[in-house]
2 protein chains.
Amino acid sequence: MVQKRAAVLQVLQESEGHLQADEIYKRVKDYYPKMVLATVYNNLHALTESGHIRHIRTMSGADFYDKTPTPHEHALCTVCGKLIDADLCDFAEMLQKSTTLPIVSYDLILHTVCPDCNDKA
Amino acid sequence: MVQKRAAVLQVLQESEGHLQADEIYKRVKDYYPKMVLATVYNNLHALTESGHIRHIRTMSGADFYDKTPTPHEHALCTVCGKLIDADLCDFAEMLQKSTTLPIVSYDLILHTVCPDCNDKA
DNA sequence: CCCTCCTTTTAGAACTATTCTAAAAAGAGT
DNA sequence: ACTCTTTTTAGAATAGTTCTAAAAGGAGGG
């Protein structure tokens, strides 16, 4: 029984989808006030390793953890800083067609204004 | 006369195109052995600000400086770790067509095997 | 039960690339 | 030469993450 790992996973799964380590830490402390940040990192690594979640690093150095491990693209809101999903249809194929380099994988993050912030404007 | 800034720029311009700060520091010390790393960073910021060079951060956290400031895409070789240019034709338009989110800008880095490493294999 | 082994957790130190600070030095303009 | 601004320096500080070694916890066998 790996309670703390389960708690880390649960916090992420019950979230909006994309959280940073310190936010996960804050939320998981509601259940386990004594938990230490290193444990959160341990478990985030383990969960990433086992394919339950996905690790996303932005160019500005912010690390997010994504409750959806399957491949999809992301966008970062320039107004509120939230990371949201941005499913781009047939992006991988389109990308490979536009270059002769063999594409092993790619890191893409769009900078956008998310619908929430757009509505407020 | 801003000798050290010019030296930083020159080192980058005479390079293969994409260098990390510590590599620039090493090379520029051949001209100015007493230069300090903070000066390299100062000047890299200033040169980025003035549009002479471009700052590229990869998802793994490595910061590269690019002697070509005009927009173009990049690829990171999974074998040797070098950052190379990867011009993708009409990428920006293509990207905007595939989503309804307004694209302010984007960060894209392909992971590839560069021609050099491919030849060696 | 109890022993052993393996995994998880903890506390806190360490790390590393970058940034900050305050003072010294250098340059430019008058 | 004087003043003002920019550049450079040395070294401390920062921040997010990782490492370390020890302690705790849990699983399974005897």
Side-chain angles (χ1 to χ4, degrees), chain A residues 1-13 15 18-66 74 76 81-83 107 109, chain B residues 1-13 15 18-66 74 76 81-83 107 109:
Chain A
M1 200 186 310
V2 203
Q3 297 187 330
K4 308 236 167 132
R5 180 165 310 160
V8 167
L9 181 58
Q10 188 183 345
V11 159
L12 189 53
Q13 283 177 339
S15 78
H18 309 94
L19 295 181
Q20 292 180 262
D22 62 338
E23 182 61 32
I24 294 172
Y25 178 52
K26 273 188 215 148
R27 297 191 188 187
V28 95
K29 283 224 283 192
D30 291 345
Y31 303 98
Y32 296 99
K34 287 188 184 166
M35 183 154 13
V36 129
L37 188 53
T39 301
V40 173
Y41 279 108
N42 280 348
N43 287 325
L44 287 172
H45 291 320
L47 290 166
T48 302
E49 195 78 7
S50 63
H52 289 88
I53 65 177
R54 195 169 149 213
H55 179 196
I56 296 152
R57 168 170 281 171
T58 70
M59 301 284 178
S60 67
D63 286 287
F64 287 86
Y65 292 88
D66 185 346
H74 293 98
L76 201 53
K82 244 190 343 224
L83 188 72
D107 291 324
I109 293 190
Chain B
M1 200 186 312
V2 202
Q3 297 187 330
K4 307 232 166 134
R5 180 165 311 158
V8 167
L9 182 58
Q10 189 182 346
V11 158
L12 189 53
Q13 284 177 338
S15 77
H18 308 95
L19 295 181
Q20 292 179 263
D22 62 340
E23 181 61 32
I24 294 172
Y25 178 51
K26 273 187 215 147
R27 297 192 189 186
V28 95
K29 282 225 284 190
D30 291 346
Y31 303 97
Y32 296 98
K34 287 187 184 165
M35 185 157 8
V36 129
L37 188 53
T39 301
V40 173
Y41 278 109
N42 279 348
N43 287 324
L44 288 173
H45 290 321
L47 290 166
T48 302
E49 195 78 6
S50 63
H52 289 88
I53 66 177
R54 196 170 149 211
H55 179 196
I56 297 150
R57 169 171 282 170
T58 69
M59 300 284 178
S60 67
D63 285 288
F64 287 87
Y65 292 88
D66 184 345
H74 293 97
L76 202 53
K82 244 191 340 224
L83 188 73
D107 292 323
I109 292 189

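Per chain, numbering begins at 1; letters A, B, ... match sequence-line order.
Side chain of A:Thr39, nearest nucleotide from C:dT8, D:dT9, C:dT10: C:dT10. The side chain of B:Ala38 has D:dA10 as its nearest neighbour among C:dT10, D:dA10, D:dG16. Looking at the side chain of A:Asp63, the nearest of the listed nucleotides D:dT17, C:dT10, D:dT9 is D:dT17.
Proximity of residues 42-53 of chain A to DNA chain C (heavy atom under 4.0 angstrom from any strand atom) is restricted to A:Asn42, A:Asn43.
Contact annotation: B:Lys4 side-chain N/O to D:dT6 OP1/OP2 distance is not under 4.0 Å.
Between the CG atom of B:Leu37 and the P atom of D:dA12 there is a distance of 15 Å, rounded to whole Å. Remark: C1' of D:dT17 and CZ of A:Phe64 are 16 Å apart, rounded to the nearest angstrom. Distance, A:Arg5 CZ to D:dG26 C1': 13 Å, rounded to whole Å. In this entry the distance linking CE of B:Met35 with P of D:dT7 reads 14 Å, nearest Å. Atom NZ of B:Lys29 and atom P of D:dT8 are 16 Å apart (whole Å). Here the P atom of nucleotide D:dA15 and the OH atom of A:Tyr41 are 13 Å apart, to the nearest Å. Between the CD1 atom of A:Ile24 and the C1' atom of D:dG16 there is a distance of 14 Å, given to the nearest Å. Between the CD atom of A:Gln3 and the P atom of D:dG25 there is a distance of 11 Å, rounded to whole Å.
Around NE2 of B:His55, the count of heavy atoms belonging to other residues, nucleotides or ligands within 6.0 Å exceeds 12.
Between the CG atom in B:Leu19 and the CG atom in B:Asp63 there is a gap of 12.5 Å [rounded to 0.5 Å].
The side-chain heavy atoms of A:Val40 and A:Met35, taken from C-beta on, include a pair separated by under 4.5 Å. Side-chain atoms of A:Met59 and A:Ile109, non-hydrogen and from C-beta on, never get closer than 4.5 Å to each other. You'll find the side chain of B:Asp66 reaches within 4.5 Å of the side chain of B:His74, heavy atoms only.
The backbone N or O of B:Ser60 sits less than 3.5 Å from a side-chain atom of A:Arg57, completing a donor-acceptor pair.
B:Tyr65 has its ring centre no less than 6.0 Å from the ring centre of B:His18.
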